[in-house]
There are 2 protein chains.
Amino acid sequence: MDTLTPAAAADRTGVSLETLRYYEREGLIGPIRRSPGGRREYTEDDVFWIGLVTCFREAGLGIADLRGFVALLRAEHPAQDRVAFLRERRAALEERVAALHRAIGVLDEKIAYYG
Amino acid sequence: MDTLTPAAAADRTGVSLETLRYYEREGLIGPIRRSPGGRREYTEDDVFWIGLVTCFREAGLGIADLRGFVALLRAEHPAQDRVAFLRERRAALEERVAALHRAIGVLDEKIAYYG
DNA sequence: GCTTGACCTGGAGCGCGCTACAGGTCCGAG
DNA sequence: CTCGGACCTGTAGCGCGCTCCAGGTCAAGC
């Protein structure tokens, strides 16, 4: 079979078991298919999706934002709504990049001063 | 006098009164000079410094990080230690920028797909 | 002097994003 | 068949960064 046990999925994604369950509970991933005995079986698609979620989490998006993203990709909203939402999110991320560049600028100033 | 009341300082910096007190308590700013009656009097320098703190907070640095930054700028550590610390912080911020760009890339993909 | 409102301190409370734990179930190795 | 470890659910706890509140003090306007 080409599914992964929870431990293997955690290992592959770098996300802890607890957090994987948490994400599933929060609707960010899954629901993950279960074995007859009730154990989770992660597919490669699941792993890929978890990677996306992790990517956005690392970029600083909150759980609620991610939930919105999931809802969007699964929903039956018209394409233009999706694009509007995506552009909005994109702009927010660009603003975060700008904030980081401001902070980096301050650091560079200080480094120049002490260097 | 050219000092600001707490309310004025909050207004100028965009930081709430409570948060200003919190930052002072945590050692991120001040201690702020007091009037005979015990009220805080913010100077322009204080306001400037609060701006720096806000800049770094917006960039995602934590309170502990900021405390380290404050300690550095006030401390008697050798210049090379300061520079090392600053470069380290800078690298961490660059990594955050990279994470943001990865997320933006994903959004762009989706936008292209739906657009 | 009296009122009113901005300010003070100390401490409790909150939302977020996990993280840990208790108590039970499943299942492969021996 | 038994054992042990990975897994299950549900719930409690934690650290962070504020935010709010109680109960009191200071000071400007009437």
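In what follows, chains carry the letters A, B, and so on, assigned in the order in which the sequence lines appear, proteins first and then strands, with residues in each chain numbered from 1.
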Which atoms of nucleotides 15-17 of chain C (N or O only) lie under 3.5 Å from a protein N or O atom, and what are those distances?
from   : atom 1 : to      : atom 2 : distance (Å)
C/dG17 : OP1    : A/Ile63 : N      : 3.1
C/dG17 : OP2    : A/Ile63 : N      : 3.2
C/dG17 : O3'    : A/Arg57 : NH2    : 3.4

Checklist entry - Over how many whole Å does the gap from B/Asp11 atom CG to C/dA6 atom P extend? => result 13 Å
Checklist entry - Do any side-chain nitrogens or oxygens of B/Thr19 fall under 4.0 Å of OP1 or OP2 in D/dT19? => result yes
Item to check | Close side-chain approach of A/Phe85 and A/Arg89, heavy atoms under 4.5 Å | outcome: yes
Next on the checklist: Is the shortest side-chain heavy-atom distance between B/Arg34 and B/Glu41 below 4.5 Å?
Outcome noted: no
Next on the checklist: For a quick test of reading the model: is some side-chain N or O of A/Thr5 closer than 4.0 Å to OP1 or OP2 of D/dC7?
Outcome noted: yes
Checklist entry - A/Glu18 has an atom CD; how far is it from atom C1' of D/dA12, in whole Å? => result 12 Å
Item to check | Inter-residue atom distance B/Arg39.CZ - B/Thr5.OG1, 0.5 Å rounding | outcome: 10.0 Å
Next on the checklist: Nearest whole Å is fine: how far is C/dC18 P from A/Glu24 CD?
Outcome noted: 15 Å
Next on the checklist: Just so I know, are the side chains of A/Leu86 and A/Leu72 near enough to count as touching, which here means a heavy-atom distance under 4.5 Å?
Outcome noted: yes
Item to check | Partners meeting salt bridge (Lys or Arg N to Asp or Glu O under 4.0 Å) with A/Arg82 (sequence neighbours left out) | outcome: none
Item to check | side chain to side chain contact (heavy atoms under 4.5 Å, CB included) between A/Arg33 and A/Thr43, worked out | outcome: CA-CA 8 Å; A/Arg33 189 158 51 93; A/Thr43 66; 4.1 Å; yes
Item to check | Between P of D/dC18 and CZ of B/Arg67, the distance in whole Å | outcome: 12 Å
Checklist entry - Which whole-number value in Å describes the distance from A/Leu20 CG to D/dC8 C1'? => result 14 Å
Checklist entry - Taking a hydrophobic cluster as the set of Ile, Leu, Val, Met, Phe, Trp and Tyr residues connected by side-chain heavy atoms closer than 4.5 Å, whether directly or through intermediates, do B/Leu17 and B/Leu4 fall within one such cluster? => result no
Checklist outcome for this item: By side chain to side chain contact (heavy atoms under 4.5 Å, CB included), B/Arg96 pairs with (sequence neighbours left out) A/Arg96, A/Leu100, B/Leu93
Checklist entry - What's the OH-P distance between A/Tyr42 and D/dA6, to the nearest Å? => result 16 Å
Next on the checklist: With a 3.5 Å distance limit and no angle check, can you tell me whether A/Trp49 reaches the backbone of A/Leu28 through a side-chain donor-acceptor pair?
Outcome noted: yes
Checklist entry - Quick one: salt bridge (Lys or Arg N to Asp or Glu O under 4.0 Å) pairs with a partner in residues 51-61 of chain A, sequence neighbours left out? => result A/Glu58-B/Arg102
Item to check | Any B/Ser16 side-chain nitrogen or oxygen under 4.0 Å from OP1 or OP2 of D/dC18 | outcome: no
Please tabulate, one pair per line, each protein N/O and nucleotide N/O from nucleotides 26-28 of chain C that are separated by under 3.5 Å, including the distance.
from   : atom 1 : to      : atom 2 : distance (Å)
C/dC26 : O2     : A/Arg39 : NH2    : 3.1

Checklist entry - Which nucleotide in the set C/dA20, D/dC8, C/dC7 lies at the smallest distance from any side-chain heavy atom of A/Arg34? => result D/dC8
Enumerate the protein-to-nucleotides 28-30 of chain D contacts in which both atoms are nitrogen or oxygen and the separation is below 3.5 Å.
none

Next on the checklist: Applying a 4.0 Å non-hydrogen cut-off, can you work out what A/Arg21 is touching in the nucleic acid: base, sugar-phosphate, or nothing?
Outcome noted: base
Next on the checklist: Can you see if the side chain of B/Arg40 gets near the phosphate of C/dC7 - specifically, an N or O under 4.0 Å from OP1 or OP2?
Outcome noted: no
Checklist outcome for this item: Taken to the nearest whole Å, CZ/A/Arg25 to P/D/dA12 is 13 Å
Checklist entry - A/Glu18 and A/Arg21: salt bridge (Lys or Arg N to Asp or Glu O under 4.0 Å), yes or no, with the steps? => result CA-CA 5 Å; A/Glu18 301 288 353; A/Arg21 286 198 277 264; 3.7 Å; yes
Checklist entry - Between B/Glu26 and B/Ile63, is there a donor-acceptor pair closer than 3.5 Å when you use the side chain of the first and the backbone of the second? => result no
